[in-house]
Amino acid sequence: MKYVKMYSELLAAEIDGLLTCNEIERLIEKPKFLHQGDLAFPCFQLVKTMRKPPADIAKDLSSRLQSQVEVDGSFNRFEAVGGYLNAFLNKANVTKELLNEIRQKKNHYGDLDLGESQTVTIDLSSPNIAKPFSMGHLRSTVIGNSLSLIYEKCGYKPVKINHLGDWGTQFGKLITAYKLWGTEENVKAEPIQELLALYIKFHEAVESQPQLEQEGRDWFRRLENGDAEALELWKWFKDESLKEFKKDLRPYGN
Ligand SMILES: NC(=[NH2+])NCCC[C@H](N)C(=O)O
């Protein structure tokens with residue numbers, strides 16, 4: 001972009017205000033082929049005002065600009081290609097400049113201020129505890145994290161939201177199942193697998209023992225009422241699940 005601007009400034013000075021710098025900037029294109037240069041200015045826009053065929057305008061401008069080429073400048077040469085005036089960057093100088101800029105700005109190289117510090121909220125996977133973290137969760141986390149980095153680079157303030165599914169009647173059912181069939185040892189060994197197995201077992205058992213449904217609701221009510229035993233179990237399930245999620249998510253900036 002910087003060189004497009006420089007090229008448009010050089011051109012604007014040569015065409016005596018027939019087009020503004022901004023207008024020229026918008027017209028500049030990339031040549032079709034690499035050997036035709038780095039930036040191309042279509043001279044067709046000047047035909048009416050200069051009253052010459054575009055190829056003549058291109059030729060005329062190229063010799064005027066060519067006379068200004070500096071050995072240590074950003075451009076090597078200017079060449080008329082049909083109705084286009086093509087500019088060739090001085091690769092050695094431009095590369096040196098670019099590397100210096102990157103070295104200086106480090107991680108801030110390429111920062112934009114499109115967002116003007118506006119906040120952007122990004123909804124991540126929001127997994128449920130006591131259930132396996134799936135490909136779907138991973139996918140939205142990776143996409144969300146990438147978007148967040150891009151937004152940040154563009155001058156926004158991204159806020160990633162990962163709402164944990166850790167509340168609801170299912171935790172009453174889980175407590176019921178744990179009290180019937182679970183052991184501390186098994187949950188500690190493979191927390192997510194074991195909690196999921198207990199939850200599945202609960203749903204299988206409910207078929208023949210429908211009263212379990214009520215027991216599950218009762219345990220959830222106790223949880224909502226702040227019952228110490230219910231809370232302790234729920235918190236433990238949650239902590240064990242989070243330990244596992246953190247292992248899965250750590251590489252993705254969460
Ligand atoms: N707003 C969202 N991210 N919703 C997705 C919720 C996913 C749900 N808690 C699950 O783990 O299946």
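Being a predicted model, the structure only gives us computed values, none of them experimental. Numbering of ligands and ligand atoms starts at 1, following listing order.
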Show me the donor-acceptor pairs within less than 3.5 Å that the side chains of residues 37-50 make with the rest of the protein, sequence neighbours left out.
unit_1, atom_1, unit_2, atom_2, d
D38, OD1, K91, NZ, 3.4
D38, OD2, L89, N, 2.7
T49, OG1, L46, O, 3.3

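Taking the ring pair (Phe, Tyr, Trp, His ring centres under 6.0 Å) definition, one finds that F202 meets it with nothing, sequence neighbours left out.
Alongside L99, the hydrophobic cluster contains no other residue (criterion: ILVMFWY side chains under 4.5 Å).
Using a 4.0 Å heavy-atom criterion, the residues that approach ligand 1 are D123, L124, S125, S126, P127, N128, H137.
The residues D239 and K235 are annotated as salt-bridged, a charged nitrogen and a carboxylate oxygen being separated by less than 4.0 angstrom.
Using modelled atom types, one side-chain atom of N86 and one backbone atom of Q36 make a donor-acceptor pair closer than 3.5 Å.
For the residue pair S125 and T141, a side-chain donor N or O sits within less than 3.5 Å of a side-chain acceptor on the partner.
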